[in-house]
Colleague: 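One structure is given below, represented as structure tokens, and several questions about it will come after.
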Amino acid sequence: MNSHCNGKVGETAVEEFHCNNGFNDLIIDTKKSAVVHRKHETSRKEAEDESRLPALEAAYTSILRNLEEDTDRDGLLRTPLRAAKAIQFLTKGYHETIDDILNNAIFDEDHDEMVIVKDIDVFSLCEHHLVPFFGKVTPSFVFQTPIRDLVGPLVTSAPLLSLQVHIGYIPNKKVVGLSKLARIVEIFSRRLQVQERLTKQIAMGICEALQPKGVAVVVEAAHMCMVMRGVQKMNSRTVTSTMLGVYLEDPKTREEFLALAMHA
């Protein structure tokens with residue numbers, strides 16, 4: 001009797017072993033397929049960018065000539081090509097998705113408190129003047145991301161926007177690799193943007209990826225189109241926010257986020 005039971009148990013164990021191994025093989029094959037797909041998509045996008053370079057280069061050449069510049073002088077000979085490559089890099093977010101960058105870096109975790117990552121650099125282009133806005137982002141779980149003032153040389157065709165971003169979310173049994181938060185910000189910032197839309201897209205992107213209990217994003221920015229041109233007001237700031245889930249419904253949670261986000 002015992003021998004029979006042991007035999008059955010042994011057979012069951014062998015069956016489970018083969019079943020589990022088959023399942024593990026399936027997971028590995030699926031991951032390999034995803035990696036191959038991403039590599040293929042990357043190659044395709046690179047080929048598309050390469051094919052568009054001549055038209056962009058010609059457009060920048062035309063701009064320089066209409067500024068009455070000599071495009072044949074040494075300093076400008078390769079400027080149209082460099083500018084074409086730069087604008088492709090600065091708008092590469094159009095070709096990226098959250099699925100591309102998450103790369104399965106979402107983990108089960110029994111954590112429902114705020115997580116904060118501070119000072120993530122961010123750069124974007126104002127769609128009204130085609131100039132960058134830039135700064136630092138701080139993401140957090142229950143999540144917060146401030147962006148501090150960033151100082152550095154930028155050469156563009158339009159005014160700069162300097163910004164701080166504060167992001168918060170409350171996990172719902174799932175957390176994401178910390179670097180992925182910065183990558184989500186970059187997907188939406190590497191496009192022609194306005195501050196209002198950027199704020200909402202970051203919040204919605206995190207919400208869709210993690211299905212958390214809540215997401216909060218606050219963006220504070222200095223728009224260089226108001227500093228370098230136009231009214232030329234050096235110290236003006238614009239603040240936008242998006243609150244989702246518990247951040248929208250619970251004032252105390254919102255206050256805690258804002259207190260942490262604004263804390264130096």
Side-chain angles (χ1 to χ4, degrees), residues 38 45 86-107 114-127 131-152 154 156 160-171 174-212 214-224 237-245 247 257-258 260-263:
R38 282 194 295 271
K45 291 166 185 173
I87 197 65
Q88 284 185 331
F89 176 78
L90 294 171
T91 57
K92 66 187 181 74
Y94 287 120
H95 306 304
E96 296 174 334
T97 67
I98 290 178
D99 286 341
D100 291 337
I101 61 99
L102 285 181
N103 195 21
N104 299 317
I106 296 178
F107 310 103
M114 293 189 190
V115 179
I116 299 171
V117 181
K118 290 190 174 183
D119 297 336
I120 297 174
D121 296 336
V122 64
F123 302 84
S124 193
L125 286 173
C126 167
E127 69 178 28
V131 294
F133 53 91
F134 62 100
K136 293 184 180 180
V137 178
T138 304
S140 80
F141 291 92
V142 194
F143 172 21
Q144 174 186 25
T145 304
I147 299 180
R148 303 289 181 195
D149 290 342
L150 175 70
V151 178
L154 283 176
T156 70
L160 303 175
L161 171 69
S162 149
L163 67 95
Q164 286 188 325
V165 177
H166 310 274
I167 303 171
Y169 81 86
I170 300 176
K174 289 188 181 294
V175 298
V176 67
L178 296 179
S179 68
K180 303 305 181 184
L181 297 172
R183 292 187 183 278
I184 289 174
V185 172
E186 185 158 290
I187 282 177
F188 297 112
S189 64
R190 296 295 189 187
R191 303 178 182 186
L192 302 184
Q193 278 289 9
V194 295
Q195 183 178 327
E196 297 88 341
R197 184 170 65 239
L198 175 61
T199 308
K200 187 171 184 177
Q201 286 179 336
I202 293 170
M204 293 300 295
I206 294 170
C207 192
E208 290 171 8
L210 295 180
Q211 299 296 309
V215 177
V217 178
V218 175
V219 177
E220 179 180 350
H223 293 252
M224 294 300 110
R237 294 290 185 274
T238 301
V239 179
T240 54
S241 70
T242 296
M243 305 284 172
L244 303 175
Y247 286 107
F257 162 72
L258 292 172
L260 289 170
M262 304 304 177
H263 181 68

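Counting begins at 1 with the first residue of the sequence.
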Colleague: Compare all side-chain heavy atoms of Arg190 with those of Thr91 and state whether any distance is below 4.5 angstrom.
Modeller: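 They are not in contact (no side-chain heavy atoms under 4.5 Å apart), so the answer is no.
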Colleague: Taking the basic N atoms (NZ, or NE/NH1/NH2) and the acidic carboxylate oxygens, is any pair closer than 4.0 Å for Glu186 and Lys92?
Modeller: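 A salt bridge links Glu186 with Lys92.
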Colleague: Rounded to the nearest 0.5 Å, how far does OH of Tyr247 lie from CD1 of Ile170?
Modeller: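 Between Ile170 CD1 and Tyr247 OH, I get 4.5 Å after rounding to 0.5 Å.
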Colleague: Working to the nearest 0.5 angstrom, can you tell me the gap between His95 NE2 and Asp100 CG?
Modeller: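 That separation rounds to 12.0 Å.
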Colleague: For Gln193 and Phe188, which heavy atoms make the closest approach, and how far apart are they?
Modeller: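 Minimum heavy-atom contact is NE2-O, 2.7 Å.
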Colleague: Measure the spacing between CG of Asn103 and CD1 of Ile101 and express it to the nearest 0.5 Å.
Modeller: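 With rounding to 0.5 Å, CG (Asn103) is 9.0 Å from CD1 (Ile101).
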Colleague: Identify the heavy atoms of Pro171 and Pro212 that sit nearest to each other, and give their distance.
Modeller: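 Distance-wise, the nearest heavy atoms are CA-CB, 4.4 Å.
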Colleague: Which heavy atom of Ser124 sits nearest to which heavy atom of Arg191, and what is that distance?
Modeller: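 Smallest interatomic distance, heavy atoms only, reads OG-O, 3.4 Å.
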Colleague: Identify the two heavy atoms, one from Val175 and one from Leu210, that lie closest to each other, and give their separation to 0.1 Å.
Modeller: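 Val175 and Leu210 have their closest heavy atoms at C-CD2, 4.4 Å.
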Colleague: How close do Ile87 and Leu125 get, counting heavy atoms only, and between which atoms?
Modeller: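 Closest heavy-atom pair between Ile87 and Leu125: CD1-CD1, 3.7 Å.
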Colleague: Let me confirm one number: the CG-SG distance from Leu198 to Cys126, rounded to the nearest 0.5 Å.
Modeller: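 It is 11.5 Å, given to the nearest 0.5 Å.
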Colleague: If you define the side chain from C-beta out and look only at heavy atoms, does anything of Glu127 sit under 4.5 Å from Arg197?
Modeller: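 Glu127 vs Arg197: side chains touch.
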Colleague: Are Thr97 and Ile187 packed together at the side-chain level, in the sense that at least one heavy-atom pair is separated by less than 4.5 angstrom?
Modeller: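 They are not in side-chain contact.
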Colleague: Side-chain contact test, heavy atoms from C-beta onward, threshold under 4.5 Å: evaluate it for Met204 versus Val215 and give yes or no.
Modeller: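 No, too far: nothing below the 4.5 Å cut-off.
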Colleague: Donor-acceptor pair, distance only, cut-off 3.5 Å: does the side chain of Tyr94 make one with the backbone of Leu192?
Modeller: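 A pair under 3.5 Å: yes.
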Colleague: Check whether the side chains of Thr240 and Gln195 place a donor and an acceptor atom closer than 3.5 Å, and report yes or no.
Modeller: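 There is such a pair (donor and acceptor under 3.5 Å, judged by atom type) between the side chains of Thr240 and Gln195.
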Colleague: Evaluate Lys200 against Val217 for side chain to side chain contact (heavy atoms under 4.5 Å, CB included), listing each step before the verdict.
Modeller: CA-CA 8 Å; Lys200 187 171 184 177; Val217 178; over 6 Å; no
Colleague: Which distance, rounded to the nearest 0.5 Å, do you find between the NZ of Lys180 and the CD1 of Ile106?
Modeller: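 Here the rounded value is 10.0 Å.
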Colleague: How many angstroms lie between atom SG of Cys207 and atom CD1 of Ile202, to the nearest 0.5 angstrom?
Modeller: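 Cys207 atom SG to Ile202 atom CD1 measures 14.0 Å (nearest 0.5 Å).
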Colleague: At their closest point, which heavy atom of Ile98 faces which heavy atom of Ala209, and how far apart are they?
Modeller: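 Taking Ile98 first and Ala209 second, the nearest heavy atoms are CG2-CB, 3.9 Å.
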